[in-house]
There are 2 protein chains.
Amino acid sequence: MNLIKQEDAGLDSRLNAVVLKIKKLGYSLTPQRFEIIKIISESKSHPSAIEVYNKLKKSYPMVSLNTVYKNLSMLSSLHEVREIKTLQNSVHYDGDTSPHGHAICEKCGKITDVKISEFDFKGFFETRIKKQLTESFHVRNYGVEFYGLCGHCFDLTGASAQD
Amino acid sequence: MNLIKQEDAGLDSRLNAVVLKIKKLGYSLTPQRFEIIKIISESKSHPSAIEVYNKLKKSYPMVSLNTVYKNLSMLSSLHEVREIKTLQNSVHYDGDTSPHGHAICEKCGKITDVKISEFDFKGFFETRIKKQLTESFHVRNYGVEFYGLCGHCFDLTGASAQD
DNA sequence: TTTTCTGCAAAGCTTTTGCAACACT
DNA sequence: AGTGTTGCAAAAGCTTTGCAGAAAA
């Protein structure tokens, strides 16, 4: 119960933060845009543009896919949404912009979040990698991706498919 | 001098390893295929399919883009080439399949390798992340991506573009 | 000789662009 | 009122598919 409340609070504050940023920058907050932000914030499944579109159509049947694309790329350029490139040829979106990892199944394409505490990653980053980068590259965000087989696909094919 | 020799040896052995694997698995080694493998092994710029195609045309002017796609996706499924999804909507290919990171410029799309010694990442991975994953997910490879601005783009726009 | 691979053409998908009408502030 | 946004349609870009002829084992 406590957990659920905390999660909801987290979502609401994320939603609010994005809404505020948009207003602050002078963009308008259309109902479609708001709903898109909401869908992305609430979703845990890293949806693609089409998936967002399909959800959005439930509230706005006349909405166009174009609108979804425009809003997602706007949110992405504001760094309020993270793009994930999967093995399928489409971009998936992640409303959680804090540093964390993804486990991506090479068979079914499923994306699972991997928690990497800021503490852990910063430690690794600061001690090992930063010195290589700072002179020439200015990091805004980072991601760790694991490629392999999810439990389900492993059970089906993993046992026999040894390199 | 020493370094150059070592690098060449590295490339040759990579090339050989891939060729051997292909033969071992019963696939044929056509000249086009060999050249594609060579281009990818030698390239340090993470080329896209079209870029590989353009290089390949110098040796095989009649080659089709289709052939490039088929071979790259074959190499990818054999895990002898790594796909990198960039911000541009195209897949880039990396002939270095060992664990290492990429710094991707959000402005110009340039991809730079980030050395992460196997030792460093394994340590981080084993102590912090593995326990989250092993039960449900079977890792085959991992990558660390840094998003931000390369030195050049930062000099142009970075100073003024503060969130 | 059999299987795999190539090259050409066409189709498929995702994403982008152009533009008039509309909505937000 | 003015600018930003939407929705429709069309175009563009990357990747895949189908198939006959050619090449590899």
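Among the atoms of the strands shown, only primed sugar atoms or phosphate atoms (P, OP1, OP2) are found under 4.0 Å from some heavy atom of Pro31(B). Residue-level contact check: Leu29(B) touches the backbone only, with heavy atoms under 4.0 Å from sugar-phosphate atoms and none from bases. Nucleic acid contact class of Ser28(B) (heavy atoms, under 4.0 Å, all strands): sugar-phosphate only.
In this model, no donor atom of one side chain and acceptor atom of the other lie less than 3.5 Å apart for Ser28(B) and Thr30(B).
Rounded to an integer number of Å, the gap from CE of Met74(A) to C1' of dC24(C) is 13 Å. At whole-Å resolution of the value, CG in Leu72(A) and P in dT6(D) are 11 Å apart. For Phe34(B) and dA24(D), the CZ to C1' distance is 16 Å, given to the nearest whole Å. Protein atom CD of Glu83(B) is 13 Å distant from nucleotide atom C1' of dC14(D), rounded to whole Å. Rounded to whole Å, the distance from CD1 on Ile22(B) to P on dC5(C) is 9 Å. The distance between atom NZ of Lys70(A) and atom P of dA23(C), rounded to the nearest whole Å, is 16 Å. Rounded to an integer number of Å, the gap from Ile50(A) CD1 to dC13(C) C1' is 8 Å. Across the protein-nucleic acid pair, Leu65(B) atom CG and dC14(D) atom P stand 9 Å apart, rounded to whole Å.
The side chain of Ala49(A) sits closest to dT15(C) out of dT5(D), dC8(C), dT15(C). Of all nucleotides listed (dC14(D), dG7(C), dC5(C)), dC5(C) comes nearest to the side chain of Arg33(B).
Remark: side-chain polar atoms of His100(A) are paired, donor with acceptor, to backbone N or O of Ser98(A) under 3.5 angstrom.
Rounding to the nearest 0.5 angstrom, the gap separating the CG atom in Leu56(B) from the CD1 atom in Ile39(B) is 5.0 Å.
No hydrogens or angles were tested; on distance alone, nothing pairs the side chain of Asn66(B) with the base of dT6(C) as donor and acceptor under 3.5 Å. With hydrogens and angles ignored, no donor-acceptor pair closer than 3.5 Å exists between the side chain of Asn71(A) and the base of dT5(D).
Of the two residues contacting DNA chain D, namely Tyr93(B) and Thr67(A), the nearest-nucleotide position lying further toward the 5' end is that of Thr67(A). Residue order along DNA chain D, read from the 5' end via each residue's closest nucleotide, puts Ser73(B) first among Tyr27(B) and Ser73(B).
Using a 4.0 Å cut-off between charged side-chain N and carboxylate O, Glu80(B) and Arg14(B) make a salt bridge.
Of the side-chain N and O atoms in Gln32(A), one or more sit less than 4.0 angstrom from OP1 or OP2 of dG7(D). Checking the phosphate oxygens (OP1, OP2) of dT15(C), a side-chain nitrogen or oxygen of Tyr69(A) falls inside 4.0 Å. Residue Thr30(B) places at least one side-chain N or O under 4.0 Å from the OP1 or OP2 atom of dT6(C).
Under the 30°/60° scheme for interplanar angles, the aromatic rings of Phe154(A) and His138(B) are found to lie parallel.
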